[in-house]
Amino acid sequence: MNLYAFTLGRKHLISIAELAHVIKDQGRIVDIQTETLIVDLTRPIENPQTFLDQLGGSIKLIQITKDLNGNPPQLADEIRDHFLASINHDDTKLIYGLSLYNFAQSSKNLLKNSLIFLKKNLSKEKIKSRFINKDFKNLTCTQLHHEKVLQNGLDFSIIKTAKTVYMGHTVAYQNFESYSKRDYNRPARDAKVGMLPPKLAQIMLNLADLRRPHEKKTIFDPFCGLGTIINEATLMGFNCVGSDLHEKMVESSKKNLNWLYAQFPETPKRSTHFFTKDATQINKEDFAGNTIDAIVTESYLGPPQKKIPDNKEINKNFSHSKELLKRFLKQATKYLEKGAPIVITIPAYRQNKTIRKLSEFPEIVANSGYKILPLIPHQPANQFKLHTENSLIYDRNDQYVCREIYKIVKTV
Ligand SMILES: C[S@@+](CC[C@H](N)C(=O)[O-])C[C@H]1O[C@@H](n2cnc3c(N)ncnc32)[C@H](O)[C@@H]1O
C-alpha cells in the first residue's frame, strides 16, 4: 500500500474535486473527511513537492506510515511509540511538530497533552528536542517553512477517519511564497478586473482533466483579463490561446506572461497566441492553426461590489451574464470538438448569509449544445456522501461577488 493524506484547503469540496480528477488514474480514494483526503496510490510518489505543487487545493502531503486498525484506547502511547520509531536522532536538537486531523472538538486537549507527553518521553530518551506548535495548534506551512522542519526534523500527523486512525509525516507542503509571487508580484494587476487567485486557476485547469502530455494540448481563455489562467496553464506545460474584448487586457496578459518566463526560468517554453475579440464572435480562423482542447475561463463577473448588492443590481448583472454566456457558448460549438470540456466560473452574489446563483445557467448550457459534468464525480461522491450539486462556490467572507464553478462538455 502507498497511503498518502492530503490536507484540504479552505474550500474543501473544491480541493476534493481537484484531487478526484488528478488521482483517478493513479490509485483509489480510501477516505474523505472535511480536513483530509486519503489515497492508496499504485506506486509511491517520487517527488512529493513536485506532486503537491501541481495542486492548488491541497495544503500538506503526508506519507502514512502506520494504520492503527481502529481507534485504540491508548492513543498517546501509540503516538509516542511510532513517533520514536520515525525519528533519526543524533546529537543535534530535534525540531518537530504534531498535527491532529478530523478529531472532534471534545478532543481539544489531545494535541496539548500529546505534545507534553512526547516532550517528556524524548527527555527520558535523552533526545534534545523542541516542538514548534504554537498555542497547541496544528502546524502551518509558514511554520514548517521558517523552521525548516522537513530538512531538520519531523512534522508528525495523526489522522482520524471513520474506520481507523493513521499516523504519518509531512513530505511536502504548499509553496505559499511561489503562489504569492505569482499573484501579487505580476507587473500588470487591476483589482477592478477581479483577478483569479493562481491556486484557483490551477484547480480549474486540473478539473479540465486533459491527459498528458500537456505539450500536445492547447487551453483557450476567451476572457483572459490579466492572464492568470494563461500563466498557470503555461507553468503546467500547456500551449495557450488567450483573448479578451479589450486590447489593454490582452497587452496586460502578454506582459504578465513575459514576466513569468523571466521570474520562473523553469517555465516550459510553449506556444502562446493572443488576440483581441468579443468572446461571442470568435471563429476557428482566430486560433492561428491551433486546435482548442479545452476552454478554461473566468467569464465577466460584472462591476465590483463594495456593499451587499440589492436584488435590482444582481438582476441587472445576471441579465447581462445570461446573454453573454448564451452567445459565447453557442459560438464556441463552432470551434470546439465534441466532448471538449469547458471549466468556467460565473458570477454569484453574497447577500448576508445566502448566495444568489445564476439559476438559469443549467438551462443555458443544455440549450447551447453542452451537458454539465459533476465536479466531484459520482464515485467518490456517493461512497463518501458528499455534496452532489453540479457546481461549487468559491468565495471569501469579505467579498460580495463570488465565483460559481461549472464543468461542461460539448455534446453536439
Ligand atoms: C473577471 S475578468 C477575467 C480575469 C482573469 N481571469 C484574470 O485573472 O485576470 C473578465 C474579463 O472578461 C472581459 N470581457 C468582458 N466582456 C467580454 C466579452 N464580451 N468578450 C471577451 N471578453 C470580455 C473583460 O475585459 C475582463 O478582462
Side-chain angles (χ1 to χ4, degrees), residues 56 179-205 207-208 219-236 238 240-260 272-283 286-287 292 294-305 309 316-332 334-335 342-349 358 364 368 393-396 399-406:
Y179 283 114
S180 168
K181 183 172 169 183
R182 271 139 70 189
D183 197 354
Y184 299 105
N185 294 17
R186 285 180 282 181
R189 284 182 55 81
D190 184 349
K192 285 193 225 101
V193 174
M195 284 178 298
L196 205 59
K199 276 185 217 173
L200 184 56
Q202 213 179 15
I203 292 172
M204 290 169 69
L205 287 156
L207 293 173
I219 300 280
F220 176 40
D221 182 354
F223 300 90
C224 70
L226 298 153
T228 315
I229 291 170
I230 302 288
N231 273 16
E232 292 305 313
T234 305
L235 271 175
M236 286 165 82
F238 290 109
C240 295
V241 178
S243 66
D244 199 283
L245 180 62
H246 300 292
E247 176 71 30
K248 184 173 167 251
M249 290 294 130
V250 171
E251 288 310 313
S252 298
S253 278
K254 286 184 188 166
K255 200 169 174 183
N256 283 339
L257 183 62
N258 288 337
W259 172 87
L260 183 85
T272 321
H273 170 63
F274 286 105
F275 60 93
T276 305
K277 202 160 182 179
D278 185 327
T280 65
Q281 308 288 321
I282 292 167
N283 294 306
D286 292 310
F287 296 121
I292 302 304
I295 292 179
V296 178
T297 194
E298 175 183 37
S299 69
Y300 180 58
L301 297 178
Q305 305 291 328
K316 186 175 92 198
N317 294 336
F318 274 167
S319 137
H320 176 84
S321 280
K322 271 190 284 192
E323 216 29 55
L324 176 65
L325 292 165
K326 220 186 272 177
R327 292 172 54 210
F328 154 62
L329 289 178
K330 265 258 152 66
Q331 187 68 18
K334 297 185 184 157
Y335 55 82
I342 302 182
V343 178
I344 186 167
T345 60
I346 63 171
Y349 294 92
L358 183 58
I364 294 175
S368 312
I393 292 282
Y394 181 87
D395 62 344
R396 281 207 345 230
Q399 286 177 342
Y400 303 114
V401 183
C402 315
R403 295 169 168 105
E404 187 177 16
I405 311 170
Y406 274 97

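Numbering of residues begins at 1 and proceeds along the displayed sequence. Just so you know, ligand 1 is whichever comes first in the structure, and atom 1 is the first atom listed for that ligand.
Within the 3.5 Å criterion, the main-chain N or O of A188 finds a donor-acceptor partner in the side chain of N256. Judged by distance alone, the side chain of E323 and the main-chain N or O of S321 form no donor-acceptor pair under 3.5 Å.
The ligand atoms of ligand 1 that sit less than 4.0 angstrom from a heavy atom of L196 are 7 (C), 8 (O). Atoms of ligand 1 found under 4.0 Å from any heavy atom of A279, numbered from 1 in the order shown, are 18 (C), 20 (N), 21 (C). With ligand atoms numbered from 1 in the order given, ligand 1 contributes 9 (O) to contacts under 4.0 Å with heavy atoms of G227. Which parts of ligand 1 touch L324 is read off a 4.0 Å heavy-atom cut-off, strictly below it: atoms 19 (N). Near K277, the atoms of ligand 1 lying under 4.0 angstrom from a non-hydrogen atom of the residue are 21 (C). The atoms of ligand 1 that sit less than 4.0 Å from any heavy atom of C224 are 5 (C), 7 (C), 9 (O). Atoms of ligand 1 lying under 4.0 Å from any heavy atom of S299, numbered from 1 in the order shown and given with element: 1 (C). Ligand-side atoms of ligand 1 in range of Y300: 10 (C), 15 (C), range being under 4.0 angstrom from any heavy atom.
Nearest protein heavy-atom neighbour of atom 14 (N) of ligand 1: F223 CD2, 3.8 Å. Of the protein's heavy atoms, E298 OE1, 2.6 Å lies nearest to atom 6 (N) of ligand 1. The single protein non-hydrogen atom nearest to atom 9 (O) of ligand 1 is L226 N, 2.8 Å, given as residue, atom name and distance. Nearest protein heavy-atom contact of atom 8 (O) of ligand 1 is T228 OG1, 2.5 Å. The protein heavy-atom contact nearest to atom 1 (C) of ligand 1 is V193 O, 3.2 Å.
Nearest heavy atom pair, residue T297 against residue I295, reads CG2-CG2, 3.9 Å.
Atom NZ in K181 sits 6.0 Å away from atom CH2 in W259 (nearest 0.5 Å). A distance of 10.0 Å separates OG in S319 from CG in L358, rounded to the nearest 0.5 Å. Between the CD atom of E251 and the NZ atom of K255 there is a distance of 9.5 Å, given to the nearest 0.5 Å.
Between the side chains of N317 and Y349, at least one donor N or O sits under 3.5 Å from an acceptor N or O. Side-chain atoms of K334 and Q331 include a donor-acceptor pair closer than 3.5 Å.
Taking 4.0 Å as the cut-off, T280 does not count as a neighbour of ligand 1 on heavy-atom distance. For the ligand labelled ligand 1, residue D244 lies inside the 4.0 Å heavy-atom shell.
Open room surrounds NZ on K248; 12 or fewer heavy atoms of other groups in view lie less than 6.0 Å from it.
Considering backbone and side-chain N/O atoms, D278 comes within less than 3.5 Å of an N/O atom of ligand 1. Some N or O of L245 is nearer than 3.5 Å to an N or O of ligand 1, by distance alone.
When each of L196, D183, V193 is paired with T228, the side-chain contact (heavy atoms from CB on, under 4.5 Å) condition holds for L196 and for no other.
A parallel orientation is assigned to the rings of F275 and F220, their planes being inclined by less than 30° (bins at 30° and 60°).
Of the heavy atoms in A201, none comes closer than 4.0 Å to ligand 1.
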